[in-house]
*Asks:* 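The structure that follows is given in the form of structure tokens.
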There are 2 protein chains.
Amino acid sequence: VAERELIDYIRQLAAGSSVPWLQVGIGDDAAVLDVPDGGRLVVTTDMVIEGVHFEPGTPPEQVGRKAVARAVSDLAAMAARPLCTVAAVNFGAADQVTAERMSRAIWEAADELSAPLVGGDVASGAGPGRAGCPVMAAVTALGLPGSSGVVLRSGAVPGDAVCVTGALGGSSLGRHLTFTPRIAEALALAERVELHAMIDLSDGLSTDALHVAEASGAGVSLRAGAVPVSRDAVALAERSGREPLWHALNDGEDYELLFCLSPAQAGELARAGVEGVPVSVIGEVIEDKQSWMVMADGRREPLTARGWEHLK
Amino acid sequence: VAERELIDYIRQLAAGSSVPWLQVGIGDDAAVLDVPDGGRLVVTTDMVIEGVHFEPGTPPEQVGRKAVARAVSDLAAMAARPLCTVAAVNFGAADQVTAERMSRAIWEAADELSAPLVGGDVASGAGPGRAGCPVMAAVTALGLPGSSGVVLRSGAVPGDAVCVTGALGGSSLGRHLTFTPRIAEALALAERVELHAMIDLSDGLSTDALHVAEASGAGVSLRAGAVPVSRDAVALAERSGREPLWHALNDGEDYELLFCLSPAQAGELARAGVEGVPVSVIGEVIEDKQSWMVMADGRREPLTARGWEHLK
């Protein structure tokens, strides 16, 4: 299945619909609902699949935690506060002890991330294809808007600075299993500055920056020299023969935040960081819908989506 | 994986926790939350897996619809009104057209069942095991309590009549793919009578009746001759060599409602039905925690769970 095309197909289905209480539907990191006779709610669902999001043989503790953390990271992207989670898990060909360890990890991660598990569904493999059935967990996370409301992908305006938290690339060396979603940082940012747009870096900086640009009807111009490259990206580059910057741009699964705001407020954050995490100003939002990467020598190259794609 | 044991393990994890706004957690058809500064919300998640819940080759329209209908049926079990759904789908080795047909079916079923799809996640197979990777959809449904509040599994009291809607058994002949969840019936029942306990019949009458009994700290005594046996159960019995009653008791996937209420109100419903659907009084709730099936000749046999089990 070509996921990009399938997502476009589903977005077309969604484009024709209008639900009065739905503020944000398919197309952002999470949906935003004004519950009739209730408050505003943020909802997102996310999968981890053996062989795609983790290798066979990964400790079930890490798999369970990642399943929850990925979904909660989508709440961070909206500057939402976690409320709870539900999980549907197919344990494939896993044995009982592995299934119990993974179940406990999901339970504990949900607790740790302030999104207690309130329900679930479990199954083991599929009849005929059981041996080839991957372990798979789908976690749905519910959240509440922070005190400053939700932040969408679509609010970036030309002239905005583009910022990221942390350092990027090389998460496949281990960080993709152990990251903590940037909930505290997102809530602190939303309180301290006026965020115009935000996304979590799951598909990779190049792809996710383009998601924000596209949703905002604008482009971005990123400075190669300003992208914070992680030590993992450097280590991975030694093995891969690519540039560390390539890994920072395209690896994905960083689960850092990318956000857009006024250059003045961005400058302040770049000096002070947020919740002890560094913030880097990596470029700006431009009117031109073509996005660019400006290299160290001043040349610019079209920014293309080389990361992964999945429906949000 | 032994699902029953795994569910017990997860319930033990859950038993130690206390979340102030969580009215009902793991152990009923759906969770019930009092959202801080919001209203009361009902949440449930449910999977369909190729080879378990549908056979390879099933039209993707039926698979997509079933995925949504199963989750919405859990809202019916709580007498909740559907609000919205999110879906996480692994299309396994399916081709693009099949994935699009299934996506459209999920979208349309959610719309038809008044639970519009507001978000999702899609993936295709798993790296190494792709050929053996089953198609799998996890749907989370959110609902709001009906005007009479939610109905749990746990409120049945000795002396209550045990009732079911419709006719049971043999759904594998096709009905498990085409059923409409009993939302309208559940809401009408909750308005017209005082329901003490309710569940949807997904695991099978024997198993689900025991779920209600166990949650209520009671037993049930069912009359074999009163169980409404479907034509499908009769047809299937001709092939299987079993009794039609066996199929009505144990097949599962009926997605009818089982509920407990005062005998007087039950008698009224048995005469009038609900929303055009027949209601049968099939037994009573007893103080004895051992549950029984009373046969046509007056003998009684212990009622055992022969249906399927999955975590709710």
*Asks:* Please examine the side chains of B:M102 and B:F91, heavy atoms only from C-beta on, and report whether any two atoms are closer than 4.5 Å.
*Replies:* yes

*Asks:* Taking atom CD as the centre, does A:E214 end up with more than 12 heavy-atom neighbours from other residues, nucleotides or ligands that are less than 6.0 angstrom away?
*Replies:*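 12 or below, so no.
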
*Asks:* Using only non-hydrogen atoms and a strict under-4.5 angstrom cutoff, which residues of residues 138-151 of chain A touch chain B?
*Replies:* A:A138, A:T140, A:L142, A:L144

*Asks:* Would the distance check show the side chain of A:D251 and the main-chain N or O of A:S172 forming a donor-acceptor pair, the cut-off being under 3.5 Å?
*Replies:*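 Absent.
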
*Asks:* Within the structure provided, determine whether B:D29 and B:T44 are in side-chain contact (heavy-atom separation under 4.5 Å).
*Replies:* no

*Asks:* Taking NZ, NE, NH1 and NH2 as the nitrogens, is one of them in B:R70 or B:D74 under 4.0 Å from a carboxylate oxygen of the other?
*Replies:*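 A salt bridge is absent here (no side-chain N lies under 4.0 Å from a carboxylate O).
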
*Asks:* Which bit of B:L22 is near chain A, if near means a heavy-atom gap under 4.5 Å: side chain, backbone, both or neither?
*Replies:*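 The side chain, not the backbone.
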
*Asks:* Please identify, among B:L83, B:V97, B:V35, the residue contributing the most non-hydrogen atom pairs under 4.5 Å to chain A.
*Replies:* B:L83

*Asks:* Non-hydrogen atoms of chain A under 4.5 Å away: do they reach the side chain of B:V89, the backbone, both or neither?
*Replies:* backbone

*Asks:* Measuring heavy-atom distances to chain A, does B:E108 have an atom under 4.5 Å in its side chain, in its backbone, in both, or in neither?
*Replies:* neither

*Asks:* So, the side chain of B:S103 versus the backbone of B:A99: is there a donor-acceptor pair under 3.5 Å, distance only?
*Replies:*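 At least one qualifying donor-acceptor pair exists.
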
*Asks:* Side-chain contact, heavy-atom cut-off 4.5 Å: B:Y9 with A:R104?
*Replies:*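 Yes, side chains in contact.
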
*Asks:* Counting only heavy atoms not in A:Q23, do more than 12 fall under 6.0 Å of its CD?
*Replies:* yes

*Asks:* Below 4.5 Å from any heavy atom of chain A, which atoms of B:R40 appear? Answer side chain, backbone, both or neither.
*Replies:*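 It is neither, since no heavy atom gets under 4.5 Å.
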
*Asks:* Please look at B:I106 and chain A and tell me whether the side chain, the backbone, both or neither of the residue comes under 4.5 angstrom of a heavy atom of that chain.
*Replies:* neither

*Asks:* Is there side-chain contact between A:M78 and A:D28, with at least one heavy-atom pair below 4.5 Å?
*Replies:*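 Yes, at least one pair of side-chain atoms sits under 4.5 Å.
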
